[in-house]
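I'd like to ask some things about the structure below.
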Amino acid sequence: MVISGPRGTKDMLPESSCRWHYVEQMVRDLCRLYAYQEIRTPIFEHTELFLRGIGETTDVVSKEMYTFTDKGKRSITLRPENTASVVRSFLENKLYAEPQPVKLYYMGPMFRYDRPQAGRLRQFHQFGIEAIGAAGPTIDAEIILLATDFFQKLGLNELTLLINSVGCPQCRPIYRDKLQAFLHDKLDGLCEDCQSRFERNPMRILDCKNENCQTLSHGAPHMTECLCDECQGQFLGLQTLLQAAGITFTLDPRLVRGLDYYTKTAFEIQYPPLGAQSAICGGGRYDGLVEECGGQPTPGIGFAIGLERVLLALEKQQLLPDFKTGIDVYIAPIGDKGKTLAFQLLHQLRRSGLSCDMDMMNRSIKAQLKRANKYPARYVIIIGDEEVDQEKVMVKNMDSGEQCMLALQDVQSMIAGEMDN
RNA sequence: GUGGCUGUGGUGAAGCGGUUAACACGGCGGAUUGUGGUUCCGUUAUACGUGGGUUCGAUCCCCACCAGUCACCCCA
């Protein structure tokens, strides 16, 4: 019986890993452009970090974490997202002592115990940005721009940018009260989910897809109508900057992020053709998180992009380039005498920087040429008894079909020379 | 976690109570003597997701489980 991989995980086979390299390279180039540096935090953390950082009542923490007890009886959790870890690392490594803001990016696997679906895996990969230490709307705008730039560079259009403000500890409670007051006498008409949301997170009720709930919540006050001066300033400032940068966005008063730590700016980028998993990027400000994790009050903002979803979108739009699998030289020995020489030549050519392979299957010359063609290989070097005796090899150009006998020591320079043209 | 749909070889797929379980692609080999990409020929493969049940008999019917998928939930 063959053992299968765990549910919700995926192997990245050679063809797909080329795609990952492509996207990852884009990430690295872009982050360099925007002056963000890579941080790599552990894949597991003390469970406590996520409980405190993300919030115990959130779905992610309450039902989606991979938590286990290690041999030292510590409660350990595979990271479901990376912001809490980055903030932990920021504090632990005293990055607050470095020039502010600290601009970091990360890429790597995250884990959530969810029911798998296309675009939703239990081990999935995110590229994320965290800018810690700056409060104003400029950094918010920069981060949103970085995200939209990323998608644009990949050629991805048809994206929707939604922005909202979720307020701060000053104004959110006031709004919450107002909203609850509005919904109070409608409570019985709401769906089961929404009834439980009423206490836990009433803002989510506005987001419910249930028709009845939609009707009942119609006319409810919006967070953005209740923002305090500071939050209002931040929100308007961001919009001005985005407009100045020529970014089109949609104000979505119902946009709420799922993690407790978000304050003020919240945004999401969607790619609608992906269906239910259309959220391809989500982010926002988390001004209270650093303090929550035991540091000085420090503002921060970040986003995370789901790379599997990006890849799905690129596939759908046929935006993935052809990745070359070809090699420079395939060496085809005929007979035992040729093999040793072939192996020597293989090694020598590789050391000179040419990508090479040779037959290891004892195939006929014909089959070897077929193999070389499949790579495809630009040159095939044939080494039979004749060649060995004459200390020469046959070099065949697979594009033109031309071939010539060359002395061993001339092979590398001949190929290198031709390839330069 | 809830509900719907699906599950045949490496891949795409026919068959739907009794079949040597098609076909295509791929893989491998060959079409004389040491030469590829097209074509032709041959060959290959532990294929009916797993476990029960109904039946004389199950790939086909029923149940459970597993997995995928879609939607919900949530989110990237």
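All values derive from a computational prediction rather than experimental measurement. Just so it is clear: chains get the letters A, B, ... in the order the sequence lines come, proteins before strands, and each one is counted from 1.
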**Inter-nucleotide P distance (B/G49, B/A31), Å rounded** = 40 Å
Taking a pair to mean Watson-Crick or G-U wobble geometry with both distances below 3.5 Å, B/G17 pairs with none
Taking the P atom in each of B/C61 and B/A76, what is the distance between them to the nearest angstrom? 42 Å
Give A/G8 one of three labels, base, sugar-phosphate or nothing, depending on what nucleic acid heavy atoms sit under 4.0 Å from its own.
sugar-phosphate
In whole angstroms, the gap separating C1' of B/C75 from CZ of A/F267 amounts to 15 Å
Atom CD of A/Q277 and atom P of B/C73 are separated, to the nearest Å, by 11 Å
Take the angle between the ring planes of A/Y66 and A/F111 and call it parallel below 30°, perpendicular above 60°, tilted in between. perpendicular
Are any side-chain N or O atoms of A/R172 and backbone N or O atoms of A/K264, one a donor and one an acceptor, separated by less than 3.5 Å? no
N/O donor-acceptor pair, side chain A/Q368 with base B/U35, under 3.5 angstrom
no
Checklist entry - How is A/A118 classified with respect to the nucleic acid when contacts are heavy atoms under 4.0 Å: base, sugar-phosphate, or nothing? => result sugar-phosphate
Answer yes or no: is there an ion pair linking A/E315 with A/R19, defined by an N-O contact shorter than 4.0 Å? yes
Re B/C61: Watson-Crick or G-U wobble partner, both distances kept under 3.5 Å, found to be B/G53
(message) What contact category does A/A367 fall into here, base, sugar-phosphate, or nothing, at under 4.0 angstrom with non-hydrogen atoms?
(response) sugar-phosphate
Rounded to whole Å, CG of A/L13 lies from P of B/U11 at a distance of 12 Å
Using a 3.5 Å distance criterion without hydrogens, assess whether the side chain of A/S89 forms a donor-acceptor pair with backbone atoms of A/V86.
no
- Query: Does A/D336 come within less than 4.0 Å of A/K339, counting only side-chain N to carboxylate O?
  - Reply: yes
- Task: Report yes or no: does A/R309 contribute a side-chain atom to a donor-acceptor pair with the main-chain N or O of A/G119 at less than 3.5 Å?
- Result: yes
Q) Quick check: does any side chain N or O of A/R378 sit under 3.5 Å from a backbone N or O of A/D399, one acting as donor and the other as acceptor? A) no
*asked:* Heavy atoms only, 4.0 Å cut-off, all strands: where does A/E387 land among base, sugar-phosphate and nothing?
replied: base
Checking B/G27, B/A67, B/C75 against the side chain of A/R7 (C-beta onward), the nearest is B/A67
Here the distance between atom C1' of B/A76 and atom CG of A/L312, to the nearest Å, is 11 Å
Open item on the list: So, does A/S4 get its side chain near the phosphate of B/A67, meaning an N or O under 4.0 Å from OP1 or OP2?
Closed with: no
Is there, by distance only and without an angle test, a donor paired with an acceptor across the side chain of A/R204 and the base of B/C74 below 3.5 Å? no
From CG of A/L121 across to P of B/A67 the rounded distance in Å is 14 Å
key: Inter-nucleotide C1' distance (B/U43, B/C5), Å rounded   = 38 Å
- request: Considering just the side-chain nitrogens and oxygens of A/R371, establish if one lies under 4.0 Å of OP1 or OP2 belonging to B/C28.
  value: no
Sort me out a list of protein N/O and nucleotides 1-3 of chain B N/O pairs below 3.5 Å, or just none if empty.
unit_1, atom_1, unit_2, atom_2, d
B/U2, O4, A/R115, NH1, 2.9
B/G3, O6, A/R115, NH2, 3.4

- Task: Decide, yes or no, whether a salt bridge links A/R120 with A/D114 under the criterion of side-chain N to carboxylate O below 4.0 Å.
- Result: yes
- Message: On the six-membered ring of A/Y113, is A/R122 placed so that its NZ or CZ lies under 6.0 angstrom from the centre and within 45° of the ring axis?
- Response: yes
Ranking A/K10 and A/G119 by the position along RNA chain B of their nearest nucleotide, the one closer to 5' is A/K10
Discussion item. If you take the centroid of each ring, where Trp contributes its six-membered ring, are A/F150 and A/F127 closer together than 6.0 Å?
Written reply: yes
A/R197 atom CZ is separated from B/C72 atom C1', nearest whole Å, by 10 Å
inquiry  = Does A/I382 reach a base, just sugar-phosphate, or nothing at all? Heavy atoms under 4.0 Å.
reply    = base
Is any side-chain N or O of A/K366 closer than 4.0 Å to OP1 or OP2 of B/A31? yes
### Message
Let's go through A/Y36 and A/E142 carefully: what are the C-alpha distance in whole Å and the side-chain angles of both, what is the deciding distance for side-chain hydrogen bond (donor to acceptor under 3.5 Å, both in side chains) to 0.1 Å, and is it a yes or a no?
### Response
CA-CA 11 Å; A/Y36 283 75; A/E142 170 177 275; 2.6 Å; yes
_Over all strands shown, is A/M110 touching base, sugar-phosphate only, or nothing at heavy-atom distances under 4.0 angstrom?_
nothing
Comparing A/I383 with A/P6, nearest RNA chain B nucleotide closer to 5' gives the residue A/I383
If pairing means Watson-Crick or G-U wobble with both distances under 3.5 Å, then the partner of B/G1 is B/C72
**Message:** If you compare every side-chain N and O of A/R79 against the phosphate oxygens of B/A76 (OP1, OP2), does one of them come in below 4.0 Å?
**Reply:** no
Answer for the Watson-Crick or wobble partner of B/C66, both distances under 3.5 Å, is B/G7
When the P atoms of B/U50 and B/G27 are considered, how many whole Å apart are they? 27 Å
- Message: Base, sugar-phosphate or nothing for A/E64? Non-hydrogen atoms, less than 4.0 Å.
- Response: sugar-phosphate
Rounded distance in Å between the P positions of B/A71 and B/G10: 30 Å
When rounded to whole Å, the NZ to C1' distance for the pair A/K374 and B/C28 reads 9 Å
Mate of B/G34 across any strand shown (Watson-Crick or G-U wobble, both atom pairs under 3.5 Å) is none
Out of B/G34, B/A76, B/G30, minimum distance to the side chain of A/C281 belongs to B/A76
Original post:
On a whole-Å scale, what distance lies between the P atoms belonging to B/U38 and B/G26?
Top reply: 9 Å
Closest of B/G34, B/C73, B/U35 to the A/K63 side chain is B/C73
note: A/I365, atom CD1; B/G30, atom C1'; distance rounded to Å ~ 16 Å
For B/C16 and B/G7, measure between their P atoms and round to the nearest Å.
14 Å
Between the protein and nucleotides 37-40 of chain B, list every N/O to N/O distance that falls short of 3.5 Å.
unit_1, atom_1, unit_2, atom_2, d
B/G37, O4', A/N373, ND2, 2.7

Report yes or no: does A/K316 contribute a side-chain atom to a donor-acceptor pair with the main-chain N or O of A/P273 at less than 3.5 Å?
-> yes
**Item:** Plane angle bin for A/F198 and A/H184 - parallel if under 30°, tilted between 30 and 60°, otherwise perpendicular
**Value:** tilted
Interatomic distance at P, B/A14 relative to B/C75, whole Å: 39 Å
